[in-house]
Amino acid sequence: MSTSSQQSFIVALHDIAPQTWQDYRPFVDRMDALGNVRMSWLVVPDFHHQSATFEDPAFLDLLESRLAKGDELVLHGYYHCDDAPAPKTVRDYYMRRLYTYEGEFYPIDEQQARERLERGIELFAQRRWPLDGFVAPAWLMGEGTRKALKELPFRYTSDPGHFYELPSFTAHRVPTLVWSARAAWRRAMSKVVNDVSKWQYRQLPTIRMGLHPIDMRFDSSREYWHRCVEQLLNKGYVSETKRDWFDRNIGKRSTA
């Protein structure tokens, strides 16, 4: 784990489900070969209603093995798709149809958010997996989700720029590098933006990398992430999980 005098980085694998594992497998193997990279796996219980994580024994064994390696499992939505009624305002149309179709926890109310979050908590509890964090799909949370999180036993949530300590939503700046890999021009632009961002963040204590399955399908984005991890390790950065960061900066969660 990082000490207060060292800079650190966090690798967060988004959209973890049986359906996405084949995209990630080669990259995870390369991280394991480095020998000193810990990762936060953002687990979706039922990805797009088509990939039931907790009904796949082999995949559950894989996730158990990652915990044994020191990685972290994080609840990442429930379905990871926006199945709420159609948007009625221009802003909601932009957020839910142009920005993303996957903002599951953006349009739902407090009761719906609580129900899905509690179902996710229960699935983790049945496996006796530690659960500290919730990350909303596309990092989008509506007011109903924020209210529900204040009443549930999560330690943190996050968006691209910050960790939020719960239940107070106290913000801690920990920025994220992220790619938009769906088109060639987006991939080219992402490299430029991320290179500039790395330079801007060079003095910060911690930097995050938010990876997605689609990043793994293109040489440019997949290799970028691998080089980024290697470069940070070579500069003396220490790899940690989100839970590690909170243990180090906020204090360990009481088990009493």
Side-chain angles (χ1 to χ4, degrees), residues 1 8-48 51-80 102 104-105 116-117 119-139 154-160 163 174 176-179 206-217 221-222 225-226 228-229 238-247 253:
M1 187 183 300
S8 67
F9 68 89
I10 296 168
V11 176
L13 306 180
H14 288 237
D15 309 353
I16 294 295
Q19 182 176 318
T20 64
W21 169 233
Q22 292 308 314
D23 291 320
Y24 275 125
R25 183 193 294 268
F27 179 82
V28 170
D29 287 344
R30 292 177 76 177
M31 294 297 100
D32 287 347
L34 293 174
N36 51 355
V37 178
R38 304 174 72 176
M39 294 173 280
S40 293
W41 296 55
L42 276 58
V43 178
V44 184
D46 190 2
F47 189 74
H48 289 193
S51 190
T53 297
F54 290 84
E55 296 177 12
D56 188 320
F59 193 67
L60 292 173
D61 287 345
L62 167 70
L63 295 179
E64 296 273 6
S65 74
R66 301 313 307 187
L67 284 174
K69 288 178 180 289
D71 288 355
E72 175 192 15
L73 304 181
V74 180
L75 181 62
H76 187 40
Y78 197 91
Y79 300 114
H80 206 286
E102 297 189 313
E104 175 188 4
F105 278 78
R116 295 187 191 191
L117 290 167
R119 285 158 62 190
I121 290 169
E122 178 59 26
L123 289 171
F124 272 66
Q126 288 172 3
R127 302 295 305 183
R128 298 185 178 179
W129 289 349
L131 179 58
D132 287 69
F134 168 77
V135 177
W139 287 295
F154 290 102
R155 191 179 184 190
Y156 71 81
T157 187
S158 63
D159 65 18
F163 285 152
V174 185
T176 305
L177 303 177
V178 64
W179 271 62
T206 305
I207 186 171
R208 281 186 285 161
M209 287 171 269
L211 283 63
H212 291 81
I214 195 170
D215 300 350
M216 303 296 112
R217 300 171 195 165
S221 47
R222 184 180 62 252
W225 287 128
H226 184 251
C228 188
V229 170
V238 174
S239 172
E240 63 181 350
T241 66
K242 295 184 177 187
R243 179 188 295 120
D244 293 336
W245 188 95
F246 270 84
D247 285 347
R253 169 180 273 180

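Of all heavy-atom pairs spanning Leu131 and Arg243, the tightest one is N-NH2, 4.3 Å. Contact record, Ala17 with Ser51: CB-OG, 3.9 Å, taken as the closest heavy-atom pair. The minimum heavy-atom distance linking Phe27 with His226 is given by the pair CE1-N, 3.9 Å. Nearest heavy-atom pair, His14 versus Pro213, reported as atom, atom and distance to 0.1 Å: O-CD, 3.6 Å. Minimum heavy-atom separation, Gly133 to Val74: O-CG1, 3.2 Å. Counting all heavy atoms, side chain and backbone alike, Arg38 lies closest to Ser239 at N-OG, 2.8 Å.
Under the side chain to side chain donor-acceptor pair (under 3.5 Å) criterion, Thr157 pairs with no residue at all, not counting sequence neighbours. Applying the ring pair (Phe, Tyr, Trp, His ring centres under 6.0 Å) rule to Phe246 yields the partners Tyr156, Phe163; only residues at least two apart in sequence or on another chain are considered. The side chain to side chain donor-acceptor pair (under 3.5 Å) check on Tyr24 picks up nothing, with sequence neighbours excluded. Take Asp215 and apply the side chain to side chain donor-acceptor pair (under 3.5 Å) test, not counting sequence neighbours, and it matches Trp225.
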- request: Start with the C-alpha distance between Ile16 and Leu63, add both sets of side-chain angles, then the distance that settles side-chain contact (heavy atoms from CB on, under 4.5 Å), and finish with yes or no.
  value: CA-CA 10 Å; Ile16 294 295; Leu63 295 179; 4.2 Å; yes
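We find the CZ-CE distance between Phe9 and Met209 to be 5.0 Å, quoted to the nearest 0.5 Å. Rounding to the nearest 0.5 Å gives a distance of 10.0 Å between CH2 of Trp41 and CG of Leu67. Here the NZ-OG distance, from Lys242 to Ser40, works out to 6.0 Å after rounding to the nearest 0.5 Å. Note that CG of Leu42 and OG of Ser158 are 7.0 Å apart. Values are rounded to the nearest 0.5 Å. Separating the CZ atom in Phe105 from the NE2 atom in His80 is a distance of 10.5 Å, to the nearest 0.5 Å. Once rounded to the nearest 0.5 Å, the distance linking CH2 of Trp179 with NE2 of His212 reads 14.0 Å.
Proximity of Arg119 to Leu123: side-chain heavy atoms (C-beta onward) are nowhere separated by under 4.5 Å. The shortest side-chain heavy-atom distance between Pro45 and Leu75 falls under the 4.5 Å cut-off. Put simply, the side chain of Gln19 does not reach to within 4.5 Å of the side chain of Val44, judged on heavy atoms. With a 4.5 Å cut-off on side-chain heavy atoms, Val229 and Arg30 do not count as touching. Side-chain contact check for Ile121 versus Phe154: some heavy-atom pair is nearer than 4.5 Å. In this structure, the side chains of Arg217 and Arg222 stay at 4.5 Å or more apart for every pair of heavy atoms. Taking 4.5 Å as the limit, some side-chain heavy atom of Leu177 sits within range of a side-chain heavy atom of Cys228.
Proximity of a side-chain donor or acceptor of Thr176 to a complementary backbone N or O of Gly210 within less than 3.5 Å is not detected. With Glu104 contributing its side chain and Pro137 its backbone, the two residues share no donor-acceptor pair below 3.5 Å.
Pairs engaging residues 62-80 under the salt bridge (Lys or Arg N to Asp or Glu O under 4.0 Å) rule: Asp32-Arg66, Glu64-Arg127, Arg66-Asp71 [sequence neighbours left out].
Taking the charged nitrogens against the carboxylate oxygens, Arg155 and Asp247 do have a contact shorter than 4.0 Å, which makes a salt bridge.
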Would you list the atom pairs, donor with acceptor, under 3.5 Å between side chains in residues 54-62 and any protein atom, with sequence neighbours excluded?
residue	atom	partner	partner atom	Å
Asp56	OD1	Ala58	N	3.3
Asp56	OD1	Phe59	N	3.0

